[in-house]
Amino acid sequence: MFGASFGVIFQSLEIFRKSIDIRNRNILNANNPDYAQEDPVIKSFAPYGIALETIERVRSFHFVGQRNAQLSLVSSLDEKIKNNSRVEDLFQEFTQGLGGLEYINGFFSSYQDLMKDPTNEGARSKLVNSAGSLVSYLKDRKRNLDSVSNSIDYSMRQYIDKVNTITKKLAKLNQEILTLYAQTYSRGQDYKNILDERDRLLRELSEYINIRAQEDDIGRIRVETSKGFVLVEDKFNWELSYDGANKWVFWKSKDGTQVNISNEISGGRIRGLLDSHADLQDYQNRLDQLAKKLISEVKVPVRTGTTEYYWTLNYANPTDPLEVSGSLTLQGSSTVVINYNSTDTLTDLANAINASGVGFSANVITNPDGTYTLQIISSDPSYIIEDSQGMVGTRVFQGVGIGDISVDSNLYLYLSNLDYSKADEFNDFSRSWWDHSKDIYQGLTNSIATNLNEYKRQSDIESAVLNSIEAKLQELQGVSIDKEFMEIFQLQKSYQALAKVVSALDELLQTTLNMV
Amino acid sequence: MKLPDNLLFSIFQDQDARIKKALSEKTLDIATGRRVRAISEEPSITYNVIELKKEIAQLSQHSQNRLFADTNLTYADFTLGKIEDTIKKLYADLLRTKNSATVSSEQLIAMAEGFNQSIRQLLDRVNERLGQNYIFGGNSLTVKPFNENTLSYEAGPEDFEVWISENSKVSVFLEGGRVFKTNLYVSRATFNSPTDSFSSAGSITIQIGTNTYTINYGGAGEPQNIEQLANYINSTLGDKVLAFVSTNPDGTYSLALSTKDLSADMEFISITGNFSTGFDNPNILQAIKRVRDKLENGIYPDEFDLFSINRSYDIVAMRRSEVGSVLNVVKNLQSTQENLDLVLKKQKSDLEDADIPESIMEYTRYRIAYEALMRIVADQKDLTILRYL
């Protein structure tokens with residue numbers, strides 16, 4: 001008589017209990033940012049009862065994608081800020097006595113001090129020491145930048161490993177989703193809490209590399225980089241690898257070939273590291289440029305005591321006019337005076353020296369900074385070379401760049417053979433060398449300062465956008481505890497009402513039995 | 001979480017981060033006294049500070065150079081003053097002797113010894129060193145300027161100059177050959193008597209400034225001996241050139257010339273006839289030595305001797321005034337450079353140093369804002385149904 005009613009009540013009680021469980025789960029995860037609120041969808045089959053049709057997951061894949069893209073951008077900026085800040089720490093221009101410019105200024109002050117008082121032994125020692133300090137400073141910064149570069153490589157490998165681990169987990173989740181979907185198909189498809197884990201992994205992945213994700217009907221996803229290189233599809237994942245020597249990121253296809261996708265990655269920490277590498281390369285180039293400038297331009301007025309002399313001025317082309325007139329006196333096996341005028345070229349002068357036949361030879365050479373000058377070789381260090389315009393001297397620094405720059409080991413000896421009569425000319429030249437060096441250093445600090453400042457500014461803006469999207473996402477899929485409690489009250493009342501029906505039926509049944 | 005909790009939380013997060021950042025910046029401003037501490041905080045300030053640092057360093061170097069010039073030129077001025085005093089005394093002695101009617105040859109020889117002492121003193125002075133550098137050695141710096149035997153100048157051919165500002169340099173070690181050069185000229189051709197006739201007629205072409213003058217001698221209607229030639233030059237070119245007949249230490253006679261103007265110089269363009277062997281141009285030491293040699297030989301000083309000592313004195317005085325005027329420029333530059341240094345340092349300080357009172361005001365303002373934010377959050381967070389369950 002009451003069998004059908006008991007069946008309907010039993011089923012309904014079971015559905016209400018499950019619904020309360022889901023509400024409880026919502027409340028428990030109210031503070032979990034990756035949790036999407038779930039709503040049980042109860043369908044009525046009046047007068048035959050109710051059924052739990054499905055469990056709806058309140059979420060927007062569009063917003064999740066947008067949040068992840070923004071997260072990639074912010075993470076990329078964060079990485080650039082982190083690495084550029086480490087570089088910035090190396091250039092303390094606002095701490096008196098610690099800035100790189102102090103070394104440059106110190107060296108050029110010593111140089112000018114000596115040119116002002118060239119017989120002063122103290123000034124000579126000071127120049128040698130300050131040249132050494134400047135070289136040490138440049139090399140220390142080079143080492144520091146190399147160390148930042150190595151640390152970027154280390155981070156890059158870690159991030160690539162992370163990406164590979166996450167994509168592997170996502171591929172495994174795709175499999176699990178399919179299995180759970182099949183298992184819970186007839187019982188409300190209550191497997192969707194596993195999608196929270198999937199979304200968490202997607203968010204984590206987006207932090208490292210910007211991705212595009214597509215979802216199928218049951219929640220499996222296909223993940224690819226923003227430029228279309230697949231990372232996850234079905235139960236498969238594709239791995240990335242890193243070539244530290246060339247700073248390239250490779251995508252490994254299933255047939256074993258590797259594709260350089262460094263330029264195809266447009267966001268995430270990996271993009272940030274790639275950009276940091278490019279920034280670092282720029283800083284290292286500028287430091288190298290400074291070293292090359294010093295090697296190419298800084299000379300002291302020496303007329304004897306060495307076998308290697310250089311023309312004081314540098315030219316963009318070997319055929320450029322000298323733009324100075326004067327006479328070069330070579331006192332070798334005999335004495336020769338070579339007159340030159342402003343329209344002559346380095347090559348003309350080299351030819352004249354080579355033709356003099358008094359123990360000197362000359363070559364037009366390329367300086368480390370790419371300019372051209374004249375190298376004059378004396379076959380005997382006791383030979384004397386003098387120029388009326390102070391156009392002959394010897395280099396203070398040796399090497400070809402930041403890697404091997406050093407102070408000429410014979411510098412102190414050269415300084416004891418200074419041509420005092422040309423000191424004021426060299427003092428005059430040094431002002432342009434000082435300017436050039438300062439300009440390059442200023443370019444370096446300017447580049448670091450503006451890059452970092454710009455990254456921080458962008459990060460402030462983009463982080464605000466990310467927060468706004470996060471807030472929107474929370475509004476959309478987050479749990480409202482107030483609403484959940486209201487829903488529970490409602491379910492509780494329904495459950496209580498239904499339970500009362502059971503006791504009413506029981507009473508009715510009892511009464512009926514007593515009548516027998 | 002959902003609205004309104006979420007909205008409130010977002011606003012709180014944003015404001016909290018912003019105010020905390022501002023508070024932290026102001027705290028650092030006050031603690032370090034600097035408005036910018038890292039180069040990325042204000043790239044434009046970084047650029048300007050680096051520019052100013054270099055300018056300050058260059059100015060400091062110019063100040064050191066100026067001080068160096070000041071020290072050396074002061075010493076050169078002092079030395080020239082001492083030389084001036086010595087020559088002045090020689091001139092007084094010589095004038096007294098010249099005006100005295102009765103001076104024996106023994107007295108002249110004794111006087112020569114006084115001249116000798118003075119020459120040695122002068123030689124010490126002109127070969128004076130400051131540190132390793134000879135102050136009258138020009139740009140050779142370490143080469144002794146005047147030969148102790150010949151008294152001729154042997155050091156650098158140009159002044160040693162030092163940059164004391166962006167666009168100007170001053171001579172610090174003077175080229176002694178120019179400093180002690182006279183505009184006295186004594187003919188190498190000698191005559192036994194001022195009235196000995198020229199054996200070969202000719203001409204002397206000289207240039208003073210941009211003007212050229214030719215003096216013919218020995219021909220018809222022209223001066224026939226050095227006495228007549230001297231008189232002729234004085235009468236025709238007296239406003240430009242002074243001519244003397246001067247006794248040489250060996251008792252012979254020479255024609256001596258000098259420009260009338262102290263600062264003018266004379267150049268011999270061409271010389272023919274008796275004077276074709278040219279003219280000696282003694283420096284101050286050599287001019288004094290010529291007088292000493294005459295005195296030593298018991299020869300009475302003549303008009304040219306007195307003139308040459310007097311001219312030597314005037315030249316040293318003129319050089320001293322030149323050094324003085326450069327020194328004046330150098331000293332005047334001191335205040336300019338010090339002021340510029342202050343201006344540059346102030347500019348740098350304005351850029352990188354914090355305005356402490358302003359920073360404290362800002363710090364207080366942000367603290368109040370932070371407390372207000374906290375109060376709002378505290379008031380709002382309890383608006384929930386849970387309170388009524």
Side-chain angles (χ1 to χ4, degrees), chain A residues 30-31 37 84-85 88-89 91-95 99 101-102 104-106 108-109 112-113 115-121 420-424 427-428 431 434-435 438 441-442 445-446 448-456 463-464 467-468 470-471 474-476 478-483 485-486, chain B residues 1-3 5-7 9-10 13-14 17-18 21 32 34-47 49-51 53-54 56-58 60-62 64-65 68-69 72 131-133 138-143 156-163 166 169 172-173 352 384-386 389:
Chain A
N31 289 321
Q37 182 195 333
N84 273 276
S85 294
E88 183 192 37
D89 290 343
F91 296 89
Q92 294 289 341
E93 293 308 316
F94 290 108
T95 310
L101 198 71
E102 314 292 340
I104 295 173
N105 289 347
F108 281 101
S109 290
Q112 293 193 346
D113 227 14
M115 292 304 117
K116 170 203 77 186
D117 190 6
T119 58
N120 191 317
E121 289 283 343
Y420 306 139
S421 66
K422 298 295 178 281
D424 65 323
N427 199 341
D428 196 18
R431 294 191 293 177
W434 193 354
D435 263 342
K438 185 266 298 173
Y441 187 78
Q442 201 170 28
T445 52
N446 203 31
I448 297 166
T450 49
N451 279 350
L452 188 52
N453 185 274
E454 184 58 22
Y455 296 151
K456 282 179 179 171
S463 295
N467 288 340
S468 159
E470 289 271 22
Q474 285 294 312
E475 281 174 34
L476 200 75
V479 176
S480 167
I481 293 172
D482 295 353
K483 185 189 158 205
F485 269 94
M486 293 301 283
Chain B
M1 281 179 290
K2 271 192 183 270
L3 281 174
D5 291 13
N6 195 51
L7 178 67
F9 187 68
S10 300
Q13 266 191 323
D14 284 353
R18 196 169 302 157
K21 190 178 170 195
T32 63
R34 286 183 181 272
R35 196 149 66 88
V36 278
R37 289 160 296 276
I39 60 174
S40 70
E41 285 180 30
E42 282 286 350
S44 61
I45 289 182
T46 305
Y47 182 90
V49 165
I50 286 180
E51 199 72 28
K53 270 188 180 182
K54 195 252 167 183
I56 290 167
Q58 180 66 86
S60 160
Q61 192 56 45
H62 283 147
Q64 285 183 42
N65 290 4
F68 182 74
N72 289 298
Q132 298 294 311
N133 309 312
N139 59 8
S140 67
L141 299 186
T142 50
V143 176
E158 284 169 18
D159 289 349
F160 182 83
E161 296 174 308
V162 161
W163 291 90
E166 200 67 36
K169 53 182 180 175
V172 172
F173 298 114
E352 62 184 5
T384 167
I385 194 168
L386 297 180
L389 292 178

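Reminder, nothing fancy here: chain letters follow the sequence lines and each chain counts from 1.
- For the pair B/Phe68 and B/Asn133, the tightest heavy-atom approach, listed with the atom from each and the gap, is CZ-ND2, 4.4 Å.
- A heavy-atom distance below 4.5 Å is not found between the side chains of A/Leu452 and B/Ile39.
- B/Lys54 touches chain A through backbone and side chain together, each having a heavy atom under 4.5 Å away.
- Neither the backbone nor the side chain of A/Asn120 comes within less than 4.5 Å of any heavy atom of chain B.
- Contact record, A/Ala423 with B/Phe160: CB-CE1, 3.8 Å, taken as the closest heavy-atom pair.
- Both the backbone and the side chain of B/Glu166 come within less than 4.5 Å of a heavy atom of chain A.
- Listed options B/Thr46, B/Asp159, B/Ile56 were ranked by heavy-atom pairs under 4.5 angstrom with chain A; first place goes to B/Thr46.
- Considering only heavy-atom pairs separated by less than 4.5 Å from chain B, the leading option among A/Lys422, A/Gln112, A/Met115, A/Glu121 is A/Gln112.
- Only the side chain of B/Val49 comes within less than 4.5 Å of a heavy atom of chain A; its backbone N, CA, C and O stay farther away.
- If you measure heavy-atom distances from A/Asp113 to chain B, the contacts under 4.5 Å come from both the backbone and the side chain.
- Counting only heavy atoms from C-beta outward, the side chains of B/Asn139 and B/Phe173 never approach each other to under 4.5 Å.
- In terms of non-hydrogen atom pairs under 4.5 Å with chain B, the most contact-rich of A/Asn84, A/Asn451, A/Asp435 is A/Asp435.
- B/Val162 places none of its side-chain heavy atoms less than 4.5 Å from the side chain of B/Asn72.
- In this structure, A/Gly99 and A/Tyr441 approach most closely via the heavy-atom pair C-OH, 4.3 Å.
- For B/Ser140, the part sitting under 4.5 Å from any heavy atom of chain A is the backbone (N, CA, C, O) and nothing else.
- Residue B/Gln64 touches chain A through both its backbone and its side chain, counting heavy-atom pairs closer than 4.5 Å.
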(Q) Quick one, B/Lys53 with A/Glu93, criterion salt bridge (Lys or Arg N to Asp or Glu O under 4.0 Å). Give me CA distance, side-chain angles, the key distance, then yes/no. (A) CA-CA 10 Å; B/Lys53 270 188 180 182; A/Glu93 293 308 316; 3.4 Å; yes

